[in-house]
Structures are given as C-alpha cells and as structure tokens.
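Reading through the structure tokens given below for one structure.
Residue numbers run from 1 in the order of the sequence given.
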Amino acid sequence: MAAAPDPDANERIEEIPIILKCCTCGETLEEPKTLPCFHSFCKKCLATYFEDELKVKEREYNNAFECPKCKTQLNLKQGDGVEGILPNEFISNLLDILPVIKQQKEKLQCGSCKAQVSVECRCFECERYLCENCLTTHSKWPDFKQHVVMSLEDLAKPENQSKAKKKPRCDKQGHGSKHLEFYCNTCKELACMSCVVLDHPKPDHDYQPMDTEAEKQKEALKKTFDILQKTSTEVDTALNKIGSAIGKLQVTTEEAKVSIKKQEKEICEVLSKKVEHKAAILIGQVNRKLDAQNRELEKQQCDMKAYHEKVNGSLDFAKNIIERASSEEVILLGRELQLNAEVIKKERPDRMEPIHDGTIEYQAKPTGTIVDNINLNDLGNVVSTCFQQNDRPIPSRRTKFFY
C-alpha cells in the first residue's frame, strides 16, 4: 500500500532542480542541449540564439560561439549546428522522472496493465511503475516477495531519485542485456558480469563493483563542490563590491555636480556668464570621467558575472550529481566535472576587487580667492581613485581645465 503523504512534498515539488530549466527562456527544458560549461538550453532556444548571433555579428558560419549564459566558447563540428551537441544523459534522465519529482501521477503509466489509471509506486527489480491494482497482484506473487517497492512520494526525495531511473544494461551482443554492475578502471568503462569474465579478466584489468567506484567519485566530487562553493562565495563578494562601487560612483558623481553648481552660483554673482561657461565645462568633464569609469566598472562586472555563471553552472551540476545522480552517472560525469573545476580555478580573475572605488570629487577652491584673483582658468579639480593590481589605491588623478 502507498505510504502516507509526505508533509514536505509540496516544498520539494517547488524545488525543481534549476538545471532542468532552460537558461534562456526559464521554462522546463525541451529537447535539452547541455554545453561543456554545464549550462542547458532548449534546443529551439539555442538554435535561435545561434541564428541571432550570426545576424548581429554579420559573419559567416565558423562553428565558434559563446555560451549565452557565461560566455564560454563553444566550437561545433563543421555543419553540425545545434544538432551536433549531444544530449546529456543525466539531464535527460532527470527530465524523464520529472513527473515523479513534481508528483504528477497522471503523466505516468502503469508498466504492467498499461491502463490510464493513477500510478502509486515503482518496483526497482521490475523497473516498472505500478497502479494500485497491479501493486496488489505484485505483492501477492511469491516470486516477487523480495522485490523492493517505493511510493512516488518517497521517490520524489532527491536521495531516492536515482532509483526511479532505469538501470543501464549492456548492449553487447550475446550478453543478454545484463545490468552494468562493474567499472573497469583499466578501460574506464562500465561492464556487466559477462563483460568482466570475457573482456576485463584479472589481473590484466582492475575492476570493481560500480557502486564502490561511484562512492569514490562522489567523495572526490564533494571536495570539488567545496572548492566551487568557495569560489562562488568569493565571486559573490567581488560582485557585491563592484555593485557598491557603481552605486557609489553615481552618488559621488551627483555630489560632485552639486558642489560644482554651488560654486558656480557663488561665482556667478560676480562673473555671471563666464563662471557659468566654466562650470559647464567642468560638468562635461565629470560626465566624461563618469562614462569612462562606468564603462570600466561595468566591463569588470560583466566579466565577473560571466565567471560567476561559469562557476555556478558547474556548482549546480556537481550538487545535483551528488544528490540525484545514479552510480553510473556519477562515474561518467565525476571526472569531467573535476577537470572543469580545475579549468575554472585557472580562469579565476586576477582582480577580484573593483578597478576603482567609484569616487568622483569636485575640489572647489574658496570663492573669495577666485574672485580676488579673478582667475577663471582654474576653477577646481575633478578627481577619482583607481586600484592597482595589488588593490592599493593609486594617488588621485587631478585634471585641470583651461579656457
């Protein structure tokens, strides 16, 4: 009989893995295409992006594109297009069991009677979903007494989702579609019992049960996950600082303009039009400096966001592999994720602090001094602070303006 409803089921249903949503349209993936950076897109969305890139850049097709999310370069084989991007089995398998995760029983069909009735559970040995009637029959059959059956509510839990997937079977001729239960470290491939006996005999081959190798890979992935998590935190901090610098730049720019206008008003009482003209020149310089600094900060922010997306793409993937992947998926993707993490680590931006702190000041001279000297060729200085590679402030740059 099916288990009692899980009170936390609704909360989990809302937590559909983010890796099952298209990075472009935000909807559940359709005909998913996963790039080497582990960002996934609907086939249609990715094809549209590639077509738009060709139009915008006005270039001929050369197979080189950037990931729409993190800007990692992708090189397709000549003539392949989006079709050349192979599906990711882990993503495809998760999409197959999405009705289980979302508790959408109406989208599942009983594997025994094929009737359009509500499915209640899954038998791991039979690899079938069962309705209530078939479950009753299954439970009474003596040969099935040792079979493990789990309700859909329990299957929806992340730690059980790998059990809802079909176990991979050997496709070699004459092996009877046996389950792949071993991993050969020598050949780096999964194997069934017949494969082990015929193709991977000891001592020439080092093989072991698949679950044993999967546990080793999962432990290694946990370390990779910790590294990616730390990097993601560092990038979050850097993005916050850059965002603060951009915000401060806007505030201090306005403050500088206010200071200029204040001095302008004071001087205008004596020199009216000349002072107004000089003030306009200064404001124009502030705006030019704002544009220059803002472009630099926004470029750094854009680059940092792209790197952040790259880190989180692998981070989310590693998390879901650890929580939801079957043993064979952990094995097949574990090393690839670790290698990708090493690449991400090497690509870590040298500069994690903002290029400059976003300060633009107007250093006004005393109005009395200006009026007394009647010298409008030097109203004041517009200054800003930038950071060197070691994040130490560079002395303020002062710009003088002449009329």
Side-chain angles (χ1 to χ4, degrees), residues 18 23-26 35 37 39 41 45 49-50 52-59 64-74 228 230-260 281-316 343-363 381-399 401:
I18 223 159
C23 291
T24 296
C25 69
L35 304 186
C37 53
H39 287 120
F41 305 84
C45 293
Y49 167 75
F50 285 168
D52 291 343
E53 281 291 287
L54 288 173
K55 294 177 183 177
V56 171
K57 297 181 179 179
E58 296 182 349
R59 65 182 183 184
F65 292 91
E66 292 180 341
C67 169
K69 188 74 171 177
C70 70
K71 308 306 180 185
T72 296
Q73 183 166 313
L74 168 68
L228 291 170
K230 181 180 178 182
T231 304
S232 178
T233 301
E234 290 176 350
V235 176
D236 278 333
T237 301
L239 284 171
N240 286 335
K241 289 182 178 180
I242 294 171
S244 295
I246 291 175
K248 184 178 179 182
L249 182 62
Q250 301 297 328
V251 173
T252 57
T253 296
E254 291 304 315
E255 291 174 348
K257 292 179 181 180
V258 169
S259 296
I260 293 170
I281 293 175
L282 279 172
I283 289 177
Q285 181 59 27
V286 169
N287 285 329
R288 288 192 292 275
K289 187 169 286 294
L290 165 64
D291 290 341
Q293 291 187 0
N294 207 42
R295 282 196 299 272
E296 292 177 6
L297 277 170
E298 286 181 342
K299 182 181 183 303
Q300 184 186 21
Q301 184 185 47
C302 181
D303 293 341
M304 194 66 68
K305 282 182 177 180
Y307 182 66
H308 193 218
E309 291 294 348
K310 184 177 295 187
V311 171
N312 281 349
S314 294
L315 174 64
D316 291 341
V343 172
I344 290 175
K345 184 177 180 182
K346 291 178 182 178
E347 292 177 356
R348 182 179 185 269
D350 294 330
R351 186 195 299 275
M352 299 295 284
E353 294 292 329
I355 294 175
H356 40 67
D357 71 351
T359 299
I360 292 181
E361 296 180 42
Y362 178 70
Q363 298 180 343
N381 299 304
V382 177
V383 299
S384 63
T385 304
C386 297
F387 288 102
Q388 294 176 325
Q389 185 62 37
N390 58 7
D391 295 332
R392 289 184 300 183
I394 299 174
S396 296
R397 298 184 297 195
R398 299 169 185 261
T399 306
F401 306 94

From [X] [atom1] over to [Y] [atom2], what is the distance, rounded to the nearest 0.5 angstrom?
X: Ile18; Y: Asp316; atom1: CD1; atom2: CG; answer: 6.0 Å
X: Gln293; Y: His356; atom1: CD; atom2: NE2; answer: 4.0 Å
X: Leu239; Y: Ser232; atom1: CG; atom2: OG; answer: 9.0 Å
X: Ile260; Y: Ile281; atom1: CD1; atom2: CD1; answer: 11.5 Å
X: His308; Y: Cys70; atom1: NE2; atom2: SG; answer: 12.0 Å
X: Arg288; Y: Asp291; atom1: CZ; atom2: CG; answer: 9.5 Å

Looking at every heavy atom in both [X] and [Y], which two are closest together, and how far apart are they?
X: Gly243; Y: Gln301; value: CA-NE2, 4.3 Å
X: Glu296; Y: Ile355; value: O-CD1, 3.6 Å
X: Leu297; Y: Ile246; value: CB-CG1, 3.9 Å
X: Ala238; Y: Met352; value: CB-O, 3.1 Å
X: Cys67; Y: Phe41; value: SG-CZ, 3.9 Å

Positive for side-chain contact (heavy atoms from CB on, under 4.5 Å) with Leu315, one of Thr231, Ile344, Leu228: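 Checked Thr231, Ile344, Leu228 against Leu315; only one passes side-chain contact (heavy atoms from CB on, under 4.5 Å): Leu228.
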Run the side chain to side chain contact (heavy atoms under 4.5 Å, CB included) check on Leu35 and Phe65 step by step: do they pass? CA-CA 11 Å; Leu35 304 186; Phe65 292 91; over 6 Å; no
My understanding is that only residues two or more places apart in sequence, or in another chain, count here; which of them pass side chain to side chain contact (heavy atoms under 4.5 Å, CB included) with Ala306?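 Scan of Ala306 (side chain to side chain contact (heavy atoms under 4.5 Å, CB included), adjacent residues dropped) gives Lys71.
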Name all residues meeting the side chain to side chain contact (heavy atoms under 4.5 Å, CB included) criterion together with Thr359; count only those two or more places apart in sequence or in a different chain, and write none if there are none.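 Side chain to side chain contact (heavy atoms under 4.5 Å, CB included) list for Thr359, sorted by chain: Lys248, Asp357, Glu361.
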Given Thr24 and Tyr49, is the side chain to side chain contact (heavy atoms under 4.5 Å, CB included) satisfied, shown in steps? CA-CA 9 Å; Thr24 296; Tyr49 167 75; 5.7 Å; no
Would you say Thr252's side chain and Gly358's backbone share a donor-acceptor pair under 3.5 angstrom?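 Yes.
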Please check this pair: side chain of Gln300 against backbone of Ile242, looking for a donor-acceptor N/O pair closer than 3.5 Å.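 Answer holds: no.
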Taking 4.0 angstrom as the limit, do Lys257 and Glu254 come out as a salt bridge?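 Looking at Glu254 together with Lys257, the answer is yes, because their closest N to O distance falls below 4.0 Å.
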Partners of Thr72 by side-chain hydrogen bond (donor to acceptor under 3.5 Å, both in side chains), sequence neighbours excluded?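 For Thr72 the side-chain hydrogen bond (donor to acceptor under 3.5 Å, both in side chains) partners, ignoring immediate neighbours, are Lys310.
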Apply side chain to side chain contact (heavy atoms under 4.5 Å, CB included) to Lys299 and Asp303, showing your working. CA-CA 6 Å; Lys299 182 181 183 303; Asp303 293 341; 3.0 Å; yes
When you look at Tyr307 and Val235, which way does the side chain to side chain contact (heavy atoms under 4.5 Å, CB included) test go after all the steps? CA-CA 8 Å; Tyr307 182 66; Val235 176; 3.6 Å; yes
